[in-house]
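Remarks on the structure that follows.
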Amino acid sequence: GAGVSQSPSNKVTEKGKDVELRCDPISGHTALYWYRQSLGQGLEFLIYFQGNSAPDKSGLPSDRFSAERTGGSVSTLTIQRTQQEDSAVYLCASSSGGRGGGYTFGSGTRLTVV
Amino acid sequence: GQQVMQIPQYQHVQEGEDFTTYCNSSTTLSNIQWYKQRPGGHPVFLIQLVKSGEVKKQKRLTFQFGEAKKNSSLHITATQTTDVGTYFCAAWSNTGNQFYFGTGTSLTVIP
């Protein structure tokens, strides 16, 4: 597509429920990134995919968080047994790969755990 | 782990004044990028610097990469209300597996 698409744009869930966030990167972009941004805060790196492979998952906050990418395209970030501290905007970005060039961000998914 | 620190955290300026944000790393960076995030929006890529001592300009914005490639700065000349937002620098970790954003500088421009 023309840009990075994230869905849903907003998600309100009850504590303890599982949620799945989706990112559809720019067509042809091999690199995909997930970040978390709490209100008024900076961007917390979660995970990076090069193709379908995630070289480093150490940014994921806990074992309740997992992410996958299939077909070198769409990625899903799953949060199991959500907690109130998981409330944040989850941002996805993609790039054409390597360390060069800028990254294009999606508009994010605003997750609220009540 | 590696951190990229930015100062100041907040800056309020009168419209027309200049603004500078600084980005510092404890380790040598292969390159550095700058992003702008408007209130309620998502980060938007501004520029990438690669070479030691590199200086790039975009209209009223001037970006610099330090000689040692451990620091960078963004300078805005004669700020306008449209410059409002948070400016982030970002760089790859030494392992090359994580792309870190700096702590950000939030700019408020008073008309």
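In what follows, every chain begins at residue 1, and chains take the letters A, B, ... in the order their sequences are listed.
- Residues Leu21(A) and Tyr33(A) fall into different hydrophobic clusters, defined by Ile, Leu, Val, Met, Phe, Trp and Tyr side chains chained together at heavy-atom separations under 4.5 Å.
- Residues Phe65(B) and Tyr87(B) are members of one and the same hydrophobic cluster, defined by side-chain heavy-atom contacts under 4.5 angstrom among Ile, Leu, Val, Met, Phe, Trp and Tyr.
- Residues from residues 9-18 of chain A never place a non-hydrogen atom less than 4.5 Å from a non-hydrogen atom of chain B.
- Between chain A and the options Pro43(B), Gly104(B), Gly41(B), Ala90(B), heavy-atom pairs under 4.5 Å are most frequent for Pro43(B).
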Next on the checklist: Before you tell me yes or no, could you show the steps for Phe45(B) and Thr104(A) under side chain to side chain contact (heavy atoms under 4.5 Å, CB included), namely the whole-Å CA-CA distance, both residues' side-chain angles and the distance that decides it to 0.1 Å?
Outcome noted: CA-CA 7 Å; Phe45(B) 173 73; Thr104(A) 302; over 6 Å; no
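- Once rounded to the nearest 0.5 Å, the distance linking CD of Gln33(B) with OG of Ser95(A) reads 8.5 Å.
- In terms of the side chain to side chain contact (heavy atoms under 4.5 Å, CB included) criterion, residue partners of Pro39(B) (sequence neighbours excluded) are, by chain and number, Val84(B).
- By the criterion of side-chain heavy atoms lying less than 4.5 angstrom apart, applied directly or through intervening Ile, Leu, Val, Met, Phe, Trp or Tyr residues, Val89(A) is grouped together with Phe88(B) in one hydrophobic cluster.
- Both the backbone and the side chain of Leu43(A) have a heavy atom closer than 4.5 Å to some heavy atom of chain B.
- In this structure, Phe99(B) has its ring center under 6.0 Å from that of Tyr103(A).
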Item to check | side chain to side chain contact (heavy atoms under 4.5 Å, CB included) between Gln37(A) and Gln37(B), intermediate numbers included | outcome: CA-CA 12 Å; Gln37(A) 187 172 36; Gln37(B) 185 175 25; 2.8 Å; yes
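- In the hydrophobic clustering, Val50(B) connects to no other residue, as no ILVMFWY side-chain heavy atoms lie under 4.5 Å from its own.
- In this pair, Phe45(A) and Tyr100(B) present their aromatic rings tilted. The plane angle is within the 30 to 60° band.
- Residue-level contacts of residues 75-85 of chain A with chain B do not occur; threshold 4.5 Å between heavy atoms.
- Using bins of under 30°, 30° to 60° and over 60° for the plane-to-plane angle, the ring pair Trp92(B)/Tyr48(A) lands in the perpendicular bin.
- Hydrophobic cluster membership differs between Tyr22(B) and Leu107(B), with clusters built from Ile, Leu, Val, Met, Phe, Trp and Tyr side chains linked at under 4.5 angstrom.
- Note on Val113(A): it clusters hydrophobically with Leu46(A), by side-chain heavy-atom contacts below 4.5 Å among ILVMFWY residues.
- Crowding of Phe65(A) atom CZ: a count of heavy atoms from other residues, nucleotides or ligands under 6.0 Å exceeding 12.
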